[in-house]
Amino acid sequence: REIDGQGKVLMPGFIDMHCHLRDPGLTYKEDMETGMKAALKGGFTTLVAMANTKPVMDNAEALKANMDKAEALGLCDLVQVCALTKDFSDADLVDFESTREYTNVYSNDGHNVDNEETMKKGLAASTEYNFILATHCEPETETVERDIALLRETPGHLHVCHISKKDTLEAIKAAKAEGLDITCEVTPHHLYASAMEYKVHPPFRSYPDRRALIEGARDGSIDICGTDHAPHSDEDKLKGAPGINNFETAFAMYYTVFEGAGISVERLSQMLSEAPAERMGIKAGLVKERYAGDLVLVDLDAEERVDPRTFISKSHNTPFGRELLKGKVLMTFKGGEIAYDNGSLV
Ligand code: DOR
Ligand code: ZN
Ligand code: ZN
């Protein structure tokens, strides 16, 4: 089949360093299949799924079960995050020996690691077993500063999830200048909007914070564009669950911001694909992913209003319904084959 890409842009498949697939145990919000289909529609071909499932992903059997499920679905490649501690507890670390076979990212997303000793041991393990320790330490900049201080004493591979504040970015910039191994990620919503009431964690910040994040994306101090795709049912949202359903709008939200700020689509591509691949060793072949032949065809001139009713995701929680966004994913290729084509999954 011939594909007419005249005037369109072909990009490497997007690698989402941070999403929530809710499988197992919270599948009324999303399951691996609906999440991966929504992701493919959004141009994401590799997903790093956080460990706050039910039960928590904290052992080799659970990780293996999810990796097998992903393999059987044949939709996106999965990096299944393992919790740092058993059931997100304070001090009971997971067994790195057995779990490391199935993952290379550990994180207690949704839960801060308050115990400094636990964090130190986690950092030491990240060096010993060669994995990324992703922290969910914002909303407080102080927690990020604490983790940086720990990293100074105990070398490790630290990744700071969904940063939202100028102060946090400044702390990370300083840590990078010291030569510490630290990277960070931003979400589409914190770049796109400020001071909104919609419940999300970390919360929407001020306009100056948002501007600082955009400058961080431009100058390279923010490494990665994630999604923090966090599907929730209407009922759970009414009860106050934090999170935004992002897979199907992330690219257009990012592109709209980048284009508005005069940041190149090449830089966006770096942040959506190259940087996360590098950070997780996907390019180096450390993760058993197919990656080659993962491509996205986008139309950078298309403008479209967000319509949550058209989401493939099981949930529709977003404050951005009716928003006019620029940039549209037309086709997604997985391992050289068409996976998503102008509105339908193949
Ligand atoms: O808003 C959020 N919701 N932020 C997170 O980091 C976790 C997520 C969730 O699991 O719903
Ligand atoms: Zn989080
Ligand atoms: Zn998250």
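Read the numbers this way: they start at 1 and go in the same order the structure lists the ligands and their atoms.
For ligand 1 and V200, the ligand atoms under 4.0 Å from any heavy atom of the residue are 1 (O).
Of the residues listed (R279, R152, K176), the one engaging D181 in a salt bridge (charged side-chain N to carboxylate O under 4.0 Å, His left out) is R279, and it is the only one. Remark: of the listed residues D341, N342, L10, V9, L10 is the sole one forming a side chain to side chain contact (heavy atoms under 4.5 Å, CB included) with L297.
Taking the six-membered ring for Trp and the full ring otherwise, the centers of Y192 and F320 sit less than 6.0 Å from each other. Taking the centre of each ring, F96 and F131 come in below the 6.0 Å mark.
For atom 7 (C) of ligand 1, the nearest protein heavy atom (residue, atom name, distance) is H20 NE2, 3.5 Å.
Residue P242 touches ligand 1 through backbone and side chain together, judged by heavy-atom distances below 4.0 Å.
Remark: side-chain polar atoms of H20 are not paired, donor with acceptor, to backbone N or O of M50 under 3.5 angstrom.
Contact between M50 and ligand 1 is absent, with no heavy atom of the residue lying under 4.0 Å from the ligand. Taking a 4.0 Å cut-off on heavy atoms, H111 fails to register as neighbouring ligand 1. Heavy-atom separations between H232 and ligand 1 include at least one value shorter than 4.0 Å.
Distances from the Zn ion (ligand 2) to the N/O/S atoms of D109 are shortest for OD1.
Put simply, the angle at the Zn ion (ligand 2) from ND1 in H136 to NE2 in H162 is close to 100°, to the nearest 10°. When rounded to 10 degrees, the angle formed at the Zn ion (ligand 3) by OD1 (D228) and NE2 (H20) equals 90°.
Between C225 and L268 the shortest side-chain heavy-atom distance falls below 4.5 Å.
Taking any N or O of H18, backbone or side chain, none lies under 3.5 Å from an N or O belonging to ligand 1.
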